Amino acid sequence: MDIRFNQIEKMSLRALVKPNLDATELNQAKLLFNNTSFISGIQNPELSTVIGKNALHILIYGDDNFSIIGYALVEIKKKVLATIPFGPLCADKHLFPLLANACVKALQDYGIKIIRYQPPFLNPTTWQATVAPLQGKFISFSLPSELNMSTLILDITPSEEKLINSFSAKHRWSIRKAEKDDKLIIEQVVELKDIDGFAEGFCKMYAARKLPFDLEVEKERIKNLYEFNVKKGNGLILRMKNGSQLLGGIILIRHKNTMIYFLGFSDPDHKNIPIHHSLFLKAFEIAKLSGCTYFDFGGYARPENADEQLLKINKFKDGFNGKRIDHPDTILFAKNLFYKFLYIYFVKFFKAK
């Protein structure tokens with residue numbers, strides 16, 4: 001183990017849970033986001049505007065009690081369940097074990113009963129130094145269905161020709177098919193009016209998958225994503241149209257040299273059109289021009305726990321020939337044994353349905 005892990009154990013940290021950040025805190029958290037080496041795109045503190053009232057911020061201060069050395073954006077449900085996705089942010093990887101511990105403790109002190117901790121991709125030494133103390137200090141458990149995360153990473157630095165040649169034969173055929181249809185237009189969203197129809201498109205796709213979503217909630221979410229991505233420059237949004245008809249769109253978040261797929265939809269009435277094949281190819285082009293070297297497909301369902309729909313999404317992403325990365329498994333922490341067994345019961349008999 002690195003000797004610095006032992007030295008850092010002596011640090012005195014202060015973790016503060018807040019529903020909102022002031023301008024100074026936001027700037028410090030954003031600076032930490034920009035200086036964190038591992039991919040944590042959805043830990044951008046400004047993404048809290050998209051999460052809305054269900055967002056919490058954890059600020060972790062160092063020995064000087066002034067500088068923020070760790071940060072985590074957390075999504076909560078009814079102050080019972082909290083999820084930490086790919087955090088906490090830290091500029092120094094040696095601090096990670098201590099910061100992760102501080103996040104769990106701060107949320108439990110805040111009153112959260114169950115914490116789902118979804119780790120970022122870390123080297124084995126750092127993760128081992130993180131997970132062992134957590135499991136020793138808190139009531140921890142795991143569930144195969146709980147967000148065990150993998151993703152695909154594609155190197156987008158080769159020429160477009162070389163990149164396309166690396167795709168599956170079916171993907172290459174789909175891209176050529178779209179290129180031959182001069183009615184199909186791919187545009188980068190630059191104005192608020194450009195996202196008209198996005199919310200309806202998402203809800204139509206969800207309905208086809210028998211997943212009901214509230215249209216007004218989706219409208220607000222898409223509007224907030226426009227503000228976050230386009231207005232604040234945290235990523236990009238693309239859409240495909242056939243004339244005036246919106247066929248689909250994708251929303252991407254940037255973290256350092258990586259563009260990350262966050263959300264997308266396609267019109268279920270136009271399955272014969274290779275909508276996402278062309279949207280992703282355009283995203284690779286724009287990301288590369290903006291200085292990115294990698295594209296993260298935003299998740300890859302582990303086959304042992306995936307349903308039919310997720311396996312279809314896996315197959316689509318596989319066609320781009322990215323490299324699979326397996327994050328450490330999600331760990332759950334319970335305030336006490338009662339909440340542990342209550343949550344296991346809930347997942348087994350209610351959530352599964």
Side-chain angles (χ1 to χ4, degrees), residues 19-20 41-56 73-78 81-83 85-86 116 118 147 149 185-254 259-271 273 275-276 278-280 282-283 296-299 301 307-310 312-313 316-317 350-351 353:
N20 297 292
I42 58 176
Q43 277 293 317
N44 188 320
E46 292 178 333
L47 193 57
S48 62
T49 57
V50 178
I51 298 173
K53 61 184 176 61
N54 293 323
L56 283 178
L73 178 60
V74 181
E75 188 167 2
I76 62 167
K77 291 185 179 179
K78 301 184 184 299
L81 174 66
T83 302
F86 311 133
R116 293 191 302 195
Q118 191 175 6
L147 299 175
M149 177 69 182
I185 301 171
I186 295 177
E187 301 172 326
Q188 188 169 346
V189 169
V190 293
E191 298 182 21
L192 184 60
K193 64 180 179 61
D194 293 338
I195 61 168
D196 287 349
F198 264 60
E200 290 87 348
F202 275 107
C203 288
K204 184 177 182 180
M205 182 186 71
Y206 294 143
R209 297 177 182 177
K210 301 187 179 352
L211 297 171
F213 274 69
D214 187 287
L215 179 58
E216 294 307 312
V217 171
E218 286 303 296
K219 284 182 178 179
E220 184 67 20
R221 179 169 70 141
I222 298 302
K223 181 181 177 181
N224 289 338
L225 278 167
Y226 166 80
E227 293 289 331
F228 171 77
N229 276 57
V230 180
K231 297 286 283 187
K232 294 183 178 179
N234 291 311
L236 62 99
I237 303 176
L238 297 176
R239 65 178 181 178
M240 176 184 276
K241 298 176 67 179
N242 185 343
S244 61
Q245 184 178 18
L246 180 65
L247 298 179
I250 56 175
I251 300 173
L252 305 114
I253 296 173
R254 179 171 182 168
M259 195 68 77
I260 306 161
Y261 173 68
F262 183 68
L263 205 59
F265 77 95
S266 58
D267 191 324
D269 291 338
H270 296 276
K271 292 181 180 180
I273 299 175
I275 298 169
H276 273 89
S278 299
L279 282 170
F280 273 94
K282 188 65 174 179
D296 185 329
F297 284 88
D307 59 23
E308 185 179 353
Q309 179 62 43
L310 290 175
K312 287 181 180 178
I313 296 172
F316 168 75
K317 292 179 178 180
F350 292 96
K351 189 177 178 182
K353 295 180 181 179

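Because the structure is predicted, anything quoted here is derived from the model rather than measured.
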Can you give the donor-acceptor pairs under 3.5 Å from side chains of residues 237-252 to other protein atoms, not counting sequence neighbours?
unit_1 : atom_1 : unit_2 : atom_2 : d
R239   : NE     : E187   : OE1    : 2.7
R239   : NH1    : D194   : O      : 2.9
R239   : NH2    : E187   : OE1    : 2.7
Q245   : NE2    : H270   : NE2    : 3.1

(message) Between K282 and I186 (side chain of the first, backbone of the second, donor and acceptor by atom type, cut-off under 3.5 Å), is there such a pair?
(response) no
Rounded to the nearest 0.5 angstrom, the CG-CZ distance for L236 and R254 is 9.5 Å
The salt bridge (Lys or Arg N to Asp or Glu O under 4.0 Å) partners of E46 (sequence neighbours excluded) come to K30
One should read off an interatomic distance between N234 CG and F262 CZ, to the nearest 0.5 angstrom, of 11.5 Å
Sorted by chain and residue number, the side chain to side chain donor-acceptor pair (under 3.5 Å) partners of N229 (sequence neighbours excluded) come out as none
To the nearest 0.5 Å, atom CG of N20 lies from atom NZ of K53 at 13.5 Å
Separation between OH (Y261) and CZ (F280), nearest 0.5 Å, reads 5.0 Å
Contacts of E308 meeting side chain to side chain contact (heavy atoms under 4.5 Å, CB included) (sequence neighbours excluded), chain-then-number -> K312
Sequence neighbours excluded, the answer for ring pair (Phe, Tyr, Trp, His ring centres under 6.0 Å) partners of F86 is H327
The salt bridge (Lys or Arg N to Asp or Glu O under 4.0 Å) partners of K193 (sequence neighbours excluded) come to E191
Smallest heavy-atom separation, P85 atom then I42 atom, equals CB-CD1, 3.7 Å
Between the NZ atom in K219 and the CG atom in L215, the distance rounded to the nearest 0.5 Å is 4.5 Å
By side chain to side chain contact (heavy atoms under 4.5 Å, CB included), K77 pairs with (sequence neighbours left out) L81
Side-chain polar contacts of residues 195-209 - donor-acceptor pairs under 3.5 angstrom, sequence neighbours left out - could you list them?
unit_1 : atom_1 : unit_2 : atom_2 : d
K204   : NZ     : D267   : OD1    : 3.1
K204   : NZ     : D267   : OD2    : 3.3
K204   : NZ     : D269   : OD2    : 2.6
Y206   : OH     : R221   : NH2    : 3.3

So CD1 of I51 and CG of L73: to nearest 0.5 Å the spacing works out to 4.0 Å
In terms of heavy-atom contacts, T49 and N224 come closest through O-ND2, 3.2 Å
Side chain to side chain contact (heavy atoms under 4.5 Å, CB included) filter on K231, not counting sequence neighbours, yields Y226, E227
For T83, the side chain to side chain donor-acceptor pair (under 3.5 Å) test, sequence neighbours excluded, returns R116
